[in-house]
Amino acid sequence: MSDPFEYDDDDAWPGAPSGPAPAYPGPGGNAAAARAAAGPPKWLETLNEAQREAVLAVDGPVLVLAGAGTGKTRVLTTRLAQILHEGRARPYQILCVTFTNKAAREMRERVAGLVGPATEGMWLGTFHALGTRILRRHAELVGLKSNFTILDTDDQIRLLKQILEAERIDEKRWPARMLIHVIQRWKDKGLTPGKVDASDAGEVANGRAVAIYAQYQERLRTLNACDFGDLLLHNLTLFTEHPDVLQQYRNLFQYILVDEYQDTNISQYLWLRLLAKTDDPKRPANICCVGDDDQSIYGWRGAEVGNILRFEKDFPGARVIRLERNYRSTPNILGAASGLIAKNEGRLGKTLWTDLPEDGQKVRVRGLWDGDEEARVVGEEVEALQLKGYPLDEIAVLVRAGFQTREFEERMITLGVPYRVVGGPRFYEREEVRDAIAYLRVIAQPADDLAFERIVNKPTRGVGKTTMQSVHQAARLERLPLSIAARRMVETDELKPAARRSLTAILDDFDRWRQLSQGVDHIELTETVLDESGYTAMWKESKKPEAAGKLENLKELLVAMEEYEDLAQFLEHVSLVMDADDRGKGPMVSLMTLHSAKGLEFGTVFLPGWEEGLFPHQRAMDENGLAGLEEERRLAYVGITRARERCEISFAANRRIHGSWQAALPSRFIDELPGKHVEIEADRGVYAGSGGGAAEDRYGFMYGGGSGFGGGGYGGGAYGGRNSGGLRPGVPERGRDQGFSQGGGPGFQRLKSRGLGSRAPVIEGQAEYIGGDKQADWGEGERCFHQKFGPGTVIKVAGDRLTIEFDKAGTKTVVAAFVERPE
DNA sequence: GGATGCACCGTTTTT
DNA sequence: CGGTGCATCC
């Protein structure tokens, strides 16, 4: 399937000649000719003018600047359909690159929806997947075998640690994490060790960073392995050192399309440029890049906004088409976002517009007392929407950093609102799944030392540190993979008898499994391996609370494997497609970072945590100055433009960070939102600690409907003000903490010490309010188990709410539906 | 080899 | 505060 050079016989294209096709008129065969003759396809009619232009301008370089919500994917897919429809190229002559597997999958589905099976064989995928595909074909030219392993971050770090240890580099001073990052950035720039400017490395790792990089690469080669950066980097080496190979692909790819061009790094850019350059200088490349400089948010991992800004220089005569008509958001949301992003310099510049007749709700900005209240308010809003029948999967809470999802998660649990954390701990990253995969990797590739080390003594089988040290030594000396070196060693007397016996046993196991893998399918193989290795038994005997879940995950792994034809295919999937399939059960509120929200849209979006230092993040500014700040601003822009009809921004005056309370100032981005599209509401107390008078002057805050803050003390406004001010008449008073309204200036210490105690009644109050009439089928003192908090004892039953004293997680009130009986 | 204890640290993340 | 990684002890 994946062999481009065998496609010439594809009988879907009768009459296809045996060589690569010229650009146009295409040799698409009679079918395509007939299709082209049938007149313009109806998909063109539904496009606006700019979109149609972008779809039809198929010859020569084109840059499509597609603002948020302007139908970017639509243009890309229609363009693909158009090229195929006109018979300009056959599917395998089209290269279409995306950043995520999800995007690739969607694109394939949508194109197939337009032109049907004609998409078969198209080179459509992520940079990494396509790079891998090419690299496997020519692996030997860069010193690899075509069954090379793709390492993940974990493996990379372990490998680098070994090198650092051998090099006697103080890991405290130069953590492997940091060095791998440095190496990764070099790879992003297309730099092999030989090309890194020595001065570029500076003091890193005592000035030995480049040498370490070189060693790391050498180790990867002996392991017959690549890291993610290598997948592209080796392609570059391949193309530059073997012009004939490059030429093959240049001839092959008649049309190139690139999604999210603003996120490409230098190495990806070079890869594209090599492929897009035609042998005939007079014939410009048919390359079409789609992107939005305002949504470039991956600079920190090597993306170069410069690529998109420079497109016209790279491809002289390029057409630049702007998509500015927004089909997603209300005028107020669009206005707020546009006003904010206008503060950035160095943009290509776009003016988004919409012709929606109604301005819609203004973007709401709320200042709250602390993070807990913020979560509570968002929770209330979600609940209110839910009550109105608003679909939960149309609601998202988008945060700057992953840890921020926690307080919202807890809130959703308490309220019994179904939620999902997008991009949380992933299936294939779990310990037990990685272990199982390590067994399979050793079977598939005996030279995979990292996998071998991972499971050689898991479960413990008496192959401990000492034994492995000797094996390591022997392997290094003879430059052999560990498993081979181990095999040799057990035939000598170098190991203690016990160790020798155990090691022989596991090596024999692997030999046997390897043989077995020829005979049975990969599912059966995995079952056998997990069983015979004692791995399953290890978890069955384990008394750890998570053991049951791990066994579940192993079962789930087997199910997941069914989708793949064989072991090799499955392993490729695991390394390239780390996303576990969305096994969503019904509509849920989405909690995720702003980064993972890019490309998505929701009816209602909550954007909490807009505080200086958190958003914009302090480190972004410290490390990258103005550029860092502008990337943060783009992130804010991405956040706002995810919303179709409702967007609610909030900030808290006090936040607990790393365990201690800190006062926070509202984000500068809040100041930058254009006033006419925004509605601001803040508790008076919120600004007391931060000289907040200025905020009032700037915005004309609405203080609890104007009646709540007469009490003098800022505390008075903080809670009592807003609620008693009657802003939310439909919501019953929930016994909010009145304590704060006494006396001036509640110190953070005091907040901390009083916080929990005084909040408990709030939770109970809510239980009565929302709990409904059904009484949970639980008794006090009963043992129970909760997915997230683990085992515990029920101490109180109120409606369908249970208060549980968890063994590990403390006392929490949760919804009975989330609680199970222990087995 | 595994359990316990202490020091340290603390963005964003796809592939 | 909570997780991680390392050292130490049994």
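Order of the sequence lines sets the chain letters (A, B, ...), proteins ahead of strands, with each chain counted from 1. Worth knowing before you read on, the calculation uses all heavy atoms, side chains too, and leaves out hydrogens, waters and symmetry mates.
- Considering only residues two or more places apart in sequence or on other chains, Lys161(A) meets the side-chain contact (heavy atoms from CB on, under 4.5 Å) condition with Ile157(A), Glu171(A), Ala176(A).
- A distance of about 25 Å separates the C1' atoms of dC6(C) and dT11(B), rounded to the whole Å.
- Taking atom NZ of residue Lys161(A) and atom C1' of nucleotide dC6(C), one finds them 10 Å apart after rounding to whole Å.
- Separating the CG atom of Asp370(A) from the C1' atom of dC1(C) is a distance of 16 Å, rounded to the nearest angstrom.
- Gln404(A) places no side-chain N or O within donor-acceptor distance of the main-chain N or O of Gly609(A), the cut-off being under 3.5 Å.
- With sequence neighbours left out, the side-chain hydrogen bond (donor to acceptor under 3.5 Å, both in side chains) criterion links Arg461(A) to Tyr439(A).
- In this structure, dT11(B) is classed as syn because its glycosidic torsion stays within 90° of zero.
- Between the side chains of Asn307(A) and Thr264(A), at least one donor N or O sits under 3.5 Å from an acceptor N or O.
- The CD1 atom of Ile150(A) sits 14 Å away from the C1' atom of dT14(B) (whole-angstrom rounding).
- Taking the P atoms as reference points, dT12(B) lies 16 Å from dG5(C), given to the whole Å.
- Side chains of Glu563(A) and His573(A): no donor on one and acceptor on the other come within 3.5 Å.
- When rounded to the nearest whole Å, the span between CD of Gln184(A) and P of dT13(B) equals 16 Å.
- Every residue two or more places apart in sequence or in another chain that forms a salt bridge (Lys or Arg N to Asp or Glu O under 4.0 Å) with Arg500(A) is listed here: Asp493(A).
- Annotation: side-chain contact (heavy atoms from CB on, under 4.5 Å) contacts of Thr460(A) (sequence neighbours excluded): Asn457(A).
- On the C1' atoms, dG3(C) is 24 Å away from dT14(B), given to the nearest whole Å.
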Got a list of protein N/O to nucleotides 4-11 of chain B N/O distances below 3.5 Å?
residue, atom, partner, partner atom, Å
dT11(B), O4', His617(A), NE2, 3.4

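- Rounded to a whole Å, the CD atom of Glu410(A) is 12 Å from the C1' atom of dG2(C).
- Computed from coordinates, the Arg185(A) CZ to dT12(B) C1' distance equals 12 Å when rounded to whole Å.
- Cation-pi geometry between Arg301(A) and Tyr298(A) is met: under 6.0 angstrom from the ring centre, within 45 degrees of the axis.
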Under 3.5 Å, which N/O atoms of the protein pair with N/O atoms of nucleotides 1-3 of chain B?
residue, atom, partner, partner atom, Å
dG1(B), OP1, Gly464(A), N, 2.8
dG2(B), OP1, Thr460(A), OG1, 3.2

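- Distance Phe148(A) CZ to dT15(B) C1': 13 Å, rounded to the nearest Å.
- Separation of the Trp300(A) and His595(A) ring centroids falls under the 6.0 Å cut-off.
- In this structure, Arg301(A) places its CZ atom 13 Å from P of dT12(B), rounding to the nearest Å.
- Phosphate proximity of dT13(B) to Thr593(A): present, with a side-chain N or O under 4.0 Å from OP1 or OP2.
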